[in-house]
S.K.: 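Here you go, one structure.
Numbers restart at 1 for each chain; the letters A, B, ... are given by sequence-line order, proteins then strands.
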Amino acid sequence: MKNYDHKKIEKKWQSRWEKESAYRADDVSEKPKDYLMIEFPYPSGEGLHVGHVRSWTALDVLARKRRAQGYNVLYPIGWDAFGLPTENYALKTGRDPRIVTKENTDNFRRQIKSLGLSFDWSREINTTDSSYYKWTQWLFLQFFKKGLTYKAKTLINWCPKDKIGLANEEVVDGCCERCGTPVEKREKEQWMMAITKYAQRLYDDLDTVDYIERAKTEQRNWIGPSDGAEISFSLSWQRPRMRIVFATNNLGKLKRMRKLFEEGHIDIELLMPKDIGIERFDVSEDARTLEENSEKKARALAALTDLPVFADDSGFFIDGEMIDPIAVKRNALAGDDEKSLSIEEIGGRMQSYYADIARKRGGKVDAEWRNNLCFITPGKVATHIETTRPVILTSESHGAVDPYLPLRGLYISKATGKYVLEQTDAEESLELGPITDGLKKLFMQSLTVFTTRPDTLFGATYMVLAPEHPLVSMLANEFDNKDEVIAYQTAARNKSDIDRTAEGKEKTGVELKGIKAINPANKKEIPIFIADYVLGSYGTGAIMAVPAHDERDGAFAKKYGLPIIQSVTPDMSAFEKTEKVLTALDTIYEAAKKKDIKFWVLGGLACAFYAKIIYREFEDIDLITKDDNSYQKLLTLFGELGFHKVAEKKISENLTNSILKNDEGIEIDIGPYIREFDCQDDDFEEQEKSLNHHTALVLSQRFVKKFKEQQLKNRGKDKDKIDWEYLNDKFFVDDGFLVNSGTLSGLPSDEAKKMITEFVGGKMVTTFKLRDWVFSRQRYWGEPIPMIHCERCGWQPVPEDQLPVTLPEVEKYEPTETGESPLANITKWVNTKCPKCGGDAKRETDVMPNWAGSSWYYLRYIDPQNTHEFASPDLMKYWTPVNWYNGGMEHTVLHLLYSRFWHKFLFDQGLVPSPEPYMKRTSHGLILAEDGSKMSKSKGNSVSPDALVESVGADSLRLYEMFIGPFDQPVAWNNNGVVGMRRFLERVADIKADNVTKLEPPLETLLHQTIKKVSDDIEKLKMNTAVSALMILLNEYEKLDSVSSEAYETFLKLLAPFAPHLTHELWEKSGHPTELRLEPWPVADETKSKGTTAHIAIQINGKTRGEIDAAIDSDKSTLENLAHEAVVEKLDGKTVSRVIIVPNRLVNFVVVED
RNA sequence: GGGCGAGUGGCGGAAUUGGUAUACGCGCCAGCCUUAGGAGCUGGUCCCGCAAGGGUUGGGAGUUCGAGUCUCCCCUCGCCCACCA
């Protein structure tokens, strides 16, 4: 058959298989199950890509082979049809995405079916069907119920072009992954999923699954755990004790608030307006809300004082119901002018008004006005006065008032346990804990950092906060340089990520003036900066900066002239020297500073050491003494730098005085410093004695400054010259031994980490890079998030029996200008009733991200038509987990991680039977265009499967894609290659077989070797070599006039998974009544595959010099004799010293020349 | 900058895991068939050499009877992450 009619054959078998439901998986079966899955496609308008064909054919080959091996194979297909391209297309054309999706899936289905892929079409699913997304929504609600979804106002990545919030994962190099527009930061309320709660397990359980290593590595990097410590730094204001005024004259409230302060160890004096002589600060106009009222009160008070005002809230809850403050007051005043009444009078009237309410409700007032006010209602729990917002700090004297701003950070998010900017969840109540904690933060008792290097704590010379750190916002008004701070903060916020990184690592920052931190290790006061090289989203948003041992901190410290103190050294020998000298220098320097003197004096050995250290900046010398040449050199050098005087006598007051007079005329008493220093160290003292004299260098501050400049210039010139890494640009960032670390000096880093952390009361923690998943999209074409917002009850889930919340049809697909979903414009849909209280409420208008529907689809395949649960537990028990999941490398981080997260959560709820969704994961390589560039329709270099199916047939296309190269590697397309496969198949069709020809070695051997090779290779997805083995076999067949029918039929069976149509046709043609696909998979016969003869290589000194054929498994001496005979001339004149024999493979003569 | 991976003909790539390097396919060359054409057939195709023979897996060293494969150094390319404390 020179040319076989692929169109006819392929059509015939495809319709036959469809009619027979040939590839339907049985839910009830005696056979072992095998669940194979490919990533369900996004049905784009472009149609099928040859990349799809590669992945799906590979698993199709596997599926067909395993069916033949007796497995009950589930190989399903579906559509991941929500998504931006369809929505953008709808935007452009105004067409309904439902219709577009239908067209696209129809086209995909037709294309897939033309390839003969053995999918189980009876389980076809579509994420955009409401019968599917009903369960996506249901699953979302399970997360909500367990507190794993929450709404948070956060800075999100905002793509100004797509008008859509992006997950961190969708931002590539600071640009939108889809359209490449630089991403902006925007504040937005978003649904979040607390994937971080599962970070540790998602990380650990990677050890239990069989994923390609690269996928595991990438997931591990993404989760990014690092072990370290959280350490608190005490803070101190450099200002007198803060006094603030409480905007109420209600003593009870004041007392309670004072108690809160006490409990929180907040050292603030809380005053009543009376205490500062303000009797009344009435609000002239009515406020409409509680907040407004309290703000107005605070403002009124703030206008009368320069002190910060701590605003009271004047509303009350009774039995959980808020009493309108305006109404209370109006009733209390009863038409009288507020100003004409005394505070007490108003209070009294209000009390009776409350008593009135209480009476009406069948309760009574059970507390003293001004002390505590309680209403008791029969049968109900007493509710004491609560405020909706406990405190508001404001201060007119500090400019613009945002009354709520200072309190941001006081709320604890139930989902994350972290402070959030706004109270967003109705369930979050105002407990004492959060308030005192918040106040503690507010008034700066401590600041917690995360560090992986607690061992370097003694070298922490400053702290850095992220610009968005809550503390900065809370206290923005309190810094001495508040304008600068606020400006920096604003600039950082407006910077897109691309700006933040594009500036080429040049670090910027601003010191928070008026506040200092205390290094808990050495009790030294250190400055605090804000800088955008610290990320608010990682760790605690604050760091201790150790410039000597962290490159970033080092760069920052250099730029801003901050002290650099080494606290770790790579080797112990360096330790002794540096430790002593640094301590000595420090002591003297500190002492000199205290005395406010401009000179310092070093004498004796200290001088020598210091000089040595200094001098090493210029030239390496071992020791300086007064007689030493290098010492003279040093003096000369110092002289050049402007050094004024060198004394070479035992230091005395006289001498000192005279020296100093000669310089700038300031006298100091150096004696005590020298003595203090000398006595400090035994070694020094001893050596001092032996030297028996002092050599003194007198350095002026001016000189020191100059010297430091010089030192800066020389940094990095000769890196190996100095073992003090921090003097160079290259910082010593590894573990080593501690120096300058008090009693811990000398300890190795790893030991010191725990010790220091315990020593300063910190705790060891693991921090992850992984962040919570932004789950909201302000878009149309996605699953509506099934939540309802009620003014009274907060966020309420849509009751499960009301699912699905179907996506309504809209006229316009554009997001609103404010970035809300187009759904927000459909008031009829948006307005609904609160499921809890029945009052007016609004639907969430955001939709879910694309990853939602794909996070659980493998479960739906198991039971796609189930109307009362997402899948039957029994069926899940049979089918899960997925045995083998193949997909693109680009999905190994996001999709796979999200999917594992959902699955683990479901496992915890007892909803799925296994902890991991996928047992094995492989990834196919990309198919590139012929020129090696990425294939795309716009470039016009893409290959259409349709055209190839038409011209050479699906079998040739399948075969080529399997043969094209290693499955996991990217490969370039080559159209001629397809033709080669077509040629191969035509030759297959031409093979003649009969029942007379015998199957015997060597062909029999090769056949069995091929069975083994093809079987093994398919399991390893080494499809290219499997096909190659079949070609080799065919080449042998063609050398014969005719082959035995056994050989022929086995060949067809082996080729069937790759080229199902042609092989089925040929099988039928050779007279079989049943289909080839029902035949069992051939099994290689070990003895037959061994053959009868072996080809033996003969080597001399490892180089091949000949070859022989020998009977298989010949013994060694036979082989040696045969081999010797074969190369006897080449061994002539040489002595064989050794013979190495590898049975059935080679004989190697080791010879020595004569 | 950090992590991972890879370098073999004109091209895609193979090599039983330390044992005859360049299988299989594409392309190319020659011949055949053909009015012609090539998606047909036959043969050839790593390099030097007429040959005998010799050399060759990015470069350099090492271990070994024997290295594409293992070790070290260097070079080049690809992917992922990227101020993660």
Side-chain angles (χ1 to χ4, degrees), chain A residues 2-3 172-173 213-218 220-222 224-226 228 449-453 456 460 464 466 497 500-501 503-507 531-535 537-546 549-553 555-556 733 767-771 889-890 892-893 925-926 930 932 951-952 956 959-960 963-966 968-984 986 1009 1012-1013 1016 1022 1024-1032 1034-1035 1095-1107 1137-1142 1144-1151:
Chain A
K2 274 266 150 65
N3 218 334
V172 176
D173 292 331
E213 261 325 297
R214 250 185 88 199
K216 286 195 192 185
T217 311
E218 282 184 19
R220 288 198 184 104
N221 289 343
W222 194 264
S226 36
V449 302
F450 172 74
T451 176
T452 53
R453 294 295 304 277
T456 62
V464 188
D497 282 352
R500 232 161 129 157
T501 47
E503 278 171 28
K505 317 254 178 203
E506 176 69 15
K507 299 199 169 18
D532 64 8
Y533 82 90
V534 171
L535 310 173
S537 50
Y538 182 76
T540 60
I543 63 157
M544 64 180 213
V546 186
H549 304 294
D550 182 284
E551 290 195 35
R552 294 156 300 170
D553 297 343
F556 191 82
V733 296
T767 297
F768 296 90
K769 285 188 208 170
L770 185 72
R771 294 172 210 175
M889 207 55 219
E890 70 276 20
T892 51
V893 171
L926 224 57
E930 297 210 61
S951 61
V952 293
S956 297
L959 207 55
Y960 175 64
F963 186 69
I964 191 167
D968 56 350
Q969 300 289 311
V971 282
W973 187 265
N974 178 355
N975 252 325
N976 284 318
V978 188
V979 175
M981 296 305 116
R982 169 72 189 197
R983 241 178 250 156
F984 167 73
E986 281 175 1
Q1009 284 170 348
K1012 185 170 179 352
K1013 172 116 183 106
D1016 292 351
K1022 294 177 74 173
N1024 53 335
T1025 49
V1027 174
S1028 141
L1030 289 167
M1031 289 172 167
I1032 293 168
L1034 179 72
N1035 289 346
H1095 205 58
I1096 311 280
I1098 305 164
Q1099 298 183 330
I1100 297 172
N1101 284 345
K1103 305 216 179 217
T1104 307
R1105 285 296 178 265
E1107 51 191 336
S1137 65
R1138 213 175 138 190
V1139 184
I1140 286 143
I1141 297 163
V1142 183
N1144 298 329
R1145 211 166 293 284
L1146 65 78
V1147 178
N1148 185 13
F1149 296 100
V1150 184
V1151 301

S.K.: Classify the nucleic acid contact of A:G980 as base, sugar-phosphate or nothing, counting any heavy atom under 4.0 Å across all strands shown.
M.R.: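 Counting heavy atoms under 4.0 Å across all strands, the contact made by A:G980 is with sugar-phosphate only.
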S.K.: Name the orientation of the base relative to the sugar in B:rU17: syn if the glycosidic angle is within 90° of 0, else anti.
M.R.: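 Syn.
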S.K.: Scan A:I543 against the nucleic acid and name what it touches under 4.0 Å (heavy atoms): base, sugar-phosphate only, or nothing.
M.R.: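 It contacts base atoms.
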S.K.: On the nucleotide B:rG55, are OP1 or OP2 found under 4.0 Å from the side-chain N or O atoms that A:K1103 carries?
M.R.: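 Yes, within the criterion.
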S.K.: Does A:R1138 make a side-chain N or O approach to OP1 or OP2 of B:rC65 shorter than 4.0 Å?
M.R.: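 Checking B:rC65 against A:R1138, a side-chain N or O does come within under 4.0 Å of OP1 or OP2.
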S.K.: With a 4.0 Å cutoff (strictly under), does any side-chain N or O of A:N221 reach OP1 or OP2 of B:rG2?
M.R.: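 False: A:N221 side-chain N/O out of range (4.0 Å or more) of B:rG2 OP1/OP2.
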S.K.: So, OP1 or OP2 of B:rA23: does either fall under 4.0 Å of a side-chain N or O from A:K1013?
M.R.: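 For A:K1013, the contact criterion (side-chain N or O under 4.0 Å from OP1 or OP2 of B:rA23) is not met.
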S.K.: Suppose you measure atom P in B:rA21 against the same atom in B:rU57; what distance do you get, rounded to whole Å?
M.R.: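 Nearest-Å result for B:rA21 against B:rU57 at atom P: 11 Å.
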S.K.: On the 0 to 90° scale, with breaks at 30° and 60°, tag the A:W973-A:Y960 ring pair as parallel, tilted or perpendicular.
M.R.: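 Ring orientation, 0 to 90° scale: perpendicular.
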S.K.: Can you tell me, in whole Å, how much space there is between the C1' of B:rG54 and that of B:rG37?
M.R.: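 Comparing C1' positions in B:rG54 and B:rG37 gives a spacing of 44 Å.
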S.K.: Using a 4.0 Å heavy-atom cut-off, does A:Q1099 contact any base of the nucleic acid, only the sugar-phosphate backbone, or nothing at all?
M.R.: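 Touches a base.
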S.K.: Taking any heavy-atom pair under 4.0 Å as a contact, classify A:K1022: base, sugar-phosphate, or nothing.
M.R.: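 It contacts sugar-phosphate atoms only.
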S.K.: Work out how far the P atom of B:rU20 is from that of B:rC70, and round it to whole angstrom.
M.R.: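 Here B:rU20 and B:rC70 have their P atoms 16 Å from each other.
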S.K.: Base, sugar-phosphate alone, or nothing: which one does A:M544 contact when heavy atoms must sit under 4.0 Å apart?
M.R.: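 No contact.
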S.K.: Name the pairs: protein N/O against N/O of nucleotides 7-12 of chain B, kept only if under 3.5 Å.
M.R.:
from, atom 1, to, atom 2, distance (Å)
B:rG12, O2', A:I964, O, 2.6

S.K.: Between B:rU8 and B:rG59, how many Å separate the two C1' atoms, rounded to a whole number?
M.R.: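 Pairwise C1' distance, B:rU8 against B:rG59, rounds to 15 Å.
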S.K.: How would you label the contact of A:V1142 with the nucleic acid (heavy atoms, under 4.0 Å): base, sugar-phosphate, or nothing?
M.R.: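 Base contact.
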S.K.: Quick check on B:rG9: syn or anti? Syn means the glycosidic torsion is within 90 degrees of zero.
M.R.: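 Syn conformation here, the glycosidic angle of B:rG9 being no more than 90° from 0.
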S.K.: Ignoring backbone atoms, establish whether A:N1024 has a side-chain N or O less than 4.0 Å from OP1 or OP2 of B:rA14.
M.R.: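 So the side-chain polar atoms of A:N1024 do come within 4.0 Å of the phosphate oxygens OP1 or OP2 of B:rA14, strictly under.
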S.K.: Can you tell me how far C1' in B:rU17 sits from the matching atom in B:rA67, rounded to whole Å?
M.R.: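 Rounded to whole Å, the distance is 12 Å.
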S.K.: When the P atoms of B:rG18 and B:rA23 are compared, how many Å lie between them, rounded to an integer?
M.R.: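 Nearest-Å result for B:rA23 against B:rG18 at atom P: 23 Å.
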S.K.: Respond yes when some side-chain nitrogen or oxygen of A:S226 is under 4.0 Å from OP1 or OP2 of B:rA85, and no when none is.
M.R.: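 So the side-chain polar atoms of A:S226 do come within 4.0 Å of the phosphate oxygens OP1 or OP2 of B:rA85, strictly under.
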S.K.: Any non-hydrogen side-chain atom of A:Y533 less than 4.5 Å from a side-chain atom of A:I543?
M.R.: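 Yes. Closest side-chain heavy atoms under 4.5 Å.
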S.K.: Between B:rC80 and B:rC29, how far is it from one C1' atom to the other, in whole Å?
M.R.: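 Their C1' atoms lie roughly 44 Å apart.
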S.K.: So does A:R1145 reach the base of B:rU16 with its side chain, donor to acceptor, closer than 3.5 Å?
M.R.: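 A donor-acceptor contact between them is present.
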S.K.: For B:rC65 and A:N1101 - does any side-chain N or O of the residue sit under 4.0 Å from the phosphate oxygens OP1/OP2?
M.R.: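 No, A:N1101 has no side-chain N/O under 4.0 Å of OP1/OP2 on B:rC65.
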S.K.: Paired with B:rA51: which nucleotide, if any, by Watson-Crick or G-U wobble criteria at under 3.5 Å for both distances?
M.R.: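 Paired with B:rA51, as far as the under-3.5 Å criterion goes, is no nucleotide at all.
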S.K.: For a quick test of reading the model: is some side-chain N or O of A:R214 closer than 4.0 Å to OP1 or OP2 of B:rC80?
M.R.: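 Checking B:rC80 against A:R214, no side-chain N or O comes under 4.0 Å of OP1 or OP2.
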S.K.: Please determine if a side-chain N or O atom of A:R1105 lies less than 4.0 Å away from the OP1 or OP2 oxygen of B:rC65.
M.R.: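 No, A:R1105 has no side-chain N/O under 4.0 Å of OP1/OP2 on B:rC65.
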